[in-house]
Amino acid sequence: MLRGNDLISVRDLEKADIEQLLKRAEDMDRTLGAGRTLDILKEKIVATLFFEPSTRTKMSFQTAAKRLGAQILNFTSMESSSMKKGETLADTLRMVDGYADLLIMRHAAEGAARYAAEVCKHPLINAGDGGNQHPTQTLLDLFTIRKMKGKIQGLSVYLVGDLKYARTMRSLLYGLGMFGAEITLVAPAGLEMDPKMVEEVKEKFGTSVTQKTALNLSGADVAYVCRVQKERFADPYEAEKVQKSFRITMDALKGVKDDLAILHPLPKIDEMDPQIDATKYARYFEQAKLGVPMRMAIIAEIMGE
Amino acid sequence: MGELVVEKIENGTVIDHIPAGAGLKVLNLLGIGDGTKVALLMNVPSKRVGKKDIVKISGRQLDEKEVNKIAIIAPNATLNIIRNSSVVEKSEVRLPKLLAGVSKCPNPKCVTNSEKAETKFAQEAKGRFRCSYCEMLFEAKELLV
Ligand SMILES: [Zn+2]
């Protein structure tokens, strides 16, 4: 299904496509777990274009491509390129498209990935376009949840934090909705999820979505936490205040389910007490690691290997 | 008060059933400043909608983009094409499934506002439109820039 296509948005994916990717990611995970790598992309060149810095996501993609045997072509930041001199995004893309077999792009403009895919002949993967989409993150999140819990349907998943500005949360809400999770949104006042997004998921998938403002995780199987996007606040003190009032402390973990899994897209800053890292609930480093087999699955499926 | 008399047009287009007060907007979006003869009738009593505006444009028909723009402002408007002083074609405007190149994306961070990309908005439930690029959802009337 994904073969030869781009991966731009979770909205483009059918449940069957995601099922296929989850299955493929399991295979990849087993391969990596056995200490093996693959060479199915031995002859291929994968280009990463990160117009906005994101060391973690870029490393995850590059690791995935290398584990499949591909060569990496890395287009580095704006300063070292001609973008500053006013080269259009389209021109840069056409050039890289001439060198590589697959392009992986992050860009600050919303919709940049869709636009880039129209410009390029080779397939393109969206590694984040401004506040809009980050589909590979959602896919790795679904993979993580299913691997840890054995299922997604009927699970009680709490999305906690700045739900207004975090694109991760919007895409994940959609993915969880599609797979029938019972979703609870917990956000500080003023940082609630876009009501149109909630409405879309409820109407499209018939999902139950509950909204809360109090930080109480007692019913959750999974708590997915994200930071307050301080850069989106006009007043940094206001951002600081909101973050402090919404910090997950050790106290917040009293009375939670024994097998609660706390996930986080990382990097985390001060939205969680660092002591939580040492508890059995903290599963975010495993989650980050699972990004590699999922991204291997995505690249392999797109390249038709 | 007597009947308001407006000269009939021989050839052209009459846009009827524009919501009262929106007629000027319709004129503006058509950008008629090129000497085309137009008539704007405001607050005309109407059985169907109470009061309405009517725009008459002489010697000109509308293209698809213009009709789509009118559909955003005046979703219930009707178009009458006049030839030799009689109506030869009557149609209702309809918001299309896809609005292409009709409006700017209201999201300032949308790539269509920084790169040379033609905007596309796909119709979803409740007559809302989603930008095919930034994926933001808008009410049709928000697309008037
Ligand atoms: Zn847009």
Side-chain angles (χ1 to χ4, degrees), chain A residues 6 8-13 51-52 78 83 86-94 105-120 124 126 128-135 138 164-165 167 170-171 173-174 193-205 229 231-232, chain B residues 19 22 25 29 63-66 68-76 93-145:
Chain A
D6 311 300
I8 306 301
S9 165
V10 289
R11 284 197 182 88
D12 300 336
L13 296 173
F51 296 100
E52 219 187 21
M78 285 170 69
M83 293 293 283
E87 185 180 42
T88 64
L89 176 59
D91 282 358
T92 307
L93 285 163
R94 282 188 195 108
M105 185 181 91
R106 168 169 292 201
H107 196 281
E110 296 170 5
R114 180 87 58 200
Y115 173 70
E118 288 173 357
V119 170
C120 296
L124 184 136
N126 182 9
D129 59 331
N132 182 31
Q133 286 275 329
H134 190 7
T138 302
K164 184 172 180 184
Y165 294 117
R167 72 179 155 212
R170 276 200 294 271
S171 311
L173 172 65
Y174 190 95
M193 179 75 71
D194 175 5
K196 282 182 190 162
M197 189 70 224
V198 176
E199 191 186 310
E200 182 187 0
V201 169
K202 280 183 173 172
E203 283 180 4
K204 227 178 224 169
F205 308 116
Q229 315 271 312
E231 62 276 20
R232 311 274 196 146
Chain B
K25 272 194 211 155
L29 74 81
D63 65 26
E64 197 190 323
K65 275 186 188 175
E66 288 171 325
N68 288 342
K69 283 186 187 176
I70 291 167
I72 297 173
I73 303 178
N76 300 313
V93 303
R94 252 201 19 235
L95 280 168
K97 289 274 163 276
L98 190 79
L99 281 170
V102 166
S103 157
K104 272 181 60 169
C105 181
N107 172 12
K109 290 186 211 130
C110 181
V111 71
T112 58
N113 288 314
S114 54
E115 298 286 325
K116 283 189 196 109
E118 190 184 70
T119 58
K120 275 180 254 167
F121 298 90
Q123 195 176 148
E124 294 201 355
K126 295 171 189 163
R128 289 171 173 161
F129 282 86
R130 189 180 298 282
C131 172
S132 304
Y133 292 92
C134 70
E135 300 185 27
M136 273 178 74
L137 191 62
F138 301 100
E139 304 294 337
K141 59 177 186 287
E142 287 180 88
L143 297 180
L144 289 174
V145 228

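To find a chain, count down the sequence lines: A is the first, B the second, and so on, and within it residues start at 1.
- Checked against ring pair (Phe, Tyr, Trp, His ring centres under 6.0 Å), Phe138(B) has no partners two or more places apart in sequence or in another chain.
- In terms of non-hydrogen atom pairs under 4.5 Å with chain B, the most contact-rich of Lys196(A), Arg11(A), Glu118(A) is Arg11(A).
- Applying the salt bridge (Lys or Arg N to Asp or Glu O under 4.0 Å) test to Arg167(A) and every residue at least two apart in sequence or in another chain returns nothing.
- No donor-acceptor pair closer than 3.5 Å links the side chain of Arg128(B) to the backbone N or O of Gln123(B).
- Looking at Tyr115(A) and Leu89(A), their side chains come closer than 4.5 Å, going by heavy atoms from C-beta outward.
- For the set Ser132(B), Ser114(B), Cys131(B), the count of heavy-atom pairs under 4.5 angstrom toward chain A peaks at Ser132(B).
- With a 4.5 angstrom heavy-atom cutoff, Asn113(B) does not touch chain A via any of its atoms.
- In terms of non-hydrogen atom pairs under 4.5 Å with chain B, the most contact-rich of Ala113(A), Gly131(A), Ala90(A), Ser9(A) is Ser9(A).
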